[in-house]
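One structure is given here, and the rest of the page talks about it.
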There are 2 protein chains.
Amino acid sequence: MITPESFFRALSDGTRLRCLLLLLAEDAICVCEFVHALDLSQPRVSRHLGHLRDVGIVTTERRGQWMYYRLNRELPTWARDVLTAAFQAEGVRDLRQRLASMPNRPSISCN
Amino acid sequence: MITPESFFRALSDGTRLRCLLLLLAEDAICVCEFVHALDLSQPRVSRHLGHLRDVGIVTTERRGQWMYYRLNRELPTWARDVLTAAFQAEGVRDLRQRLASMPNRPSISCN
DNA sequence: TAATCATATACGGATATCCATATATAAGAT
DNA sequence: ATCTTATATATGGATATCCGTATATGATTA
């Protein structure tokens, strides 16, 4: 179960926080997209995403060679509200822009 | 300035989180009241409250020998919203009850 | 001034966190 | 099977965090 303490601990790292703010804007994102948008090393992104999955904040879905991450649909309301509130504080627009500007961005079919 | 990252880092500790949830319900609380409500050692509470003050989340006001802590009135909206959302998750009622049940509770005149 | 109550800080040690680098796994593609 | 791309994990070291205990500061009272 996800508690306020474990949830805030997960948000206390800049890398994880930015991943989540991206996921609030985009439905599903794969690791290489995070790497491009955040301009960080692949192991670093992967490790932090794995942490978010272990805590139960995100879920994963493999699509071929790509691993897609999305916000856990069963995230409690209060947790989603916390993210939405944090979203109001940040200039995430440039983040989203860098995600959109990725060349050869893999596409996920939505179903 | 207070950023989402520094804010969430401050909330990532159980002691600090519970202090803040108490402050969301009660206007101003002094250290010995926190100690009673949380049943923790005085240095531990004081250290965490000091941290919250350093980050700018709470402000202090000395009243005689008592040091009162309150939420920073200038806390940005998004931060207050985060706390309010977290408040929805927790059974803070027992916390508040333990605060109310403190014997010889010092009183602060509100002005 | 001395004694007391409330609060803050200093110190050391245990543990946790984070990173870069290297390597392992897993799924295509040739 | 081999090669390439995508992702995950292991290792070791640097740094941060947290705690209990002891002590310092500050206000109040006797």
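Excluded from the calculations below are hydrogen atoms, water molecules and symmetry mates; all remaining heavy atoms, backbone and side chain alike, are included.
- Contact annotation: B:Arg63 side-chain N/O to C:dA6 OP1/OP2 distance is not under 4.0 Å.
- In this structure, the CG atom of B:Leu40 is 16 Å from the C1' atom of C:dT7, given to the nearest Å.
- Atom CD in B:Glu61 sits roughly 13 Å away from atom P in C:dT7 (whole-Å rounding).
- Residue contacts shown for B:Pro106 are absent, as no nucleic acid heavy atom lies under 4.0 Å away.
- Side-chain N/O atoms of B:Gln42 and base N/O atoms of C:dA6 include no donor-acceptor pair closer than 3.5 Å.
- Considering only side-chain atoms of A:Asp13, the nucleotide from D:dT7, C:dC19, D:dT21 that sits closest is C:dC19.
- Considering A:Met67, A:Met102, A:Gln42 in turn, A:Met102 is the only one that fulfils the side-chain contact (heavy atoms from CB on, under 4.5 Å) rule with A:Cys32.
- A 6.0 Å sphere centred on CG of A:Asp39 holds no more than 12 heavy atoms belonging to other residues, nucleotides or ligands.
- Here D:dA8 presents its C1' atom at 12 Å from CG of A:Asp54, a figure rounded to the nearest Å.
- The CG-C1' distance, from A:Leu49 to D:dT7, rounds to 10 Å in whole Å.
- Enclosure of atom CZ in A:Arg80 by more than 12 non-hydrogen atoms of other residues, nucleotides or ligands within 6.0 angstrom is indicated.
- One cannot find a donor-acceptor pair under 3.5 Å joining the base of D:dT28 and the side-chain atoms of B:Gln65.
- The residue B:Arg47 sits close to a base: some heavy atom pair falls under 4.0 Å.
- Under 4.0 angstrom from either OP1 or OP2 of D:dT17 there lies at least one side-chain N or O belonging to B:Arg9.
- If you look at A:Phe7 and A:Trp78, their ring centroids are closer than 6.0 Å.
- One atom, NE2 of A:His36, and another, P of D:dA6, lie 13 Å apart when rounded to the nearest Å.
- Heavy atoms of B:Tyr68 sit nowhere under 4.0 angstrom from any nucleic acid atom.
- For the pair A:Arg16 and C:dC18, the criterion of a side-chain N or O lying under 4.0 Å from OP1 or OP2 is met.
- For the pair A:His48 and C:dT17, the criterion of a side-chain N or O lying under 4.0 Å from OP1 or OP2 is not met.
- The nearest whole Å value for the distance from the CE atom in A:Met102 to the C1' atom in D:dT5 is 12 Å.
- In this structure, B:Arg44 and A:Pro43 both approach DNA chain D, and ranking their closest nucleotides by distance from the 5' end singles out A:Pro43.
- Mapped onto DNA chain D by nearest heavy atom, B:Gly64 and A:Arg53 fall at different nucleotides, with A:Arg53 at the one closer to the 5' end.
- Nearest-nucleotide mapping onto DNA chain C: of B:Ser46 and A:Arg62, the residue sitting toward the 5' end is B:Ser46.
- Atom CZ of B:Arg70 is surrounded by more than 12 heavy atoms from other residues, nucleotides or ligands within 6.0 Å.
- Regarding A:Trp66, its CH2 atom lies at a distance of 12 Å from the P atom of D:dT5, rounded to whole Å.
- Checked for salt-bridge contact, B:Glu26 and B:Arg105 meet the test: a charged N lies under 4.0 Å from a carboxylate O.
- Taking atom CG of B:Leu17 as the reference point, atom C1' of D:dC18 lies 16 Å away to the nearest angstrom.
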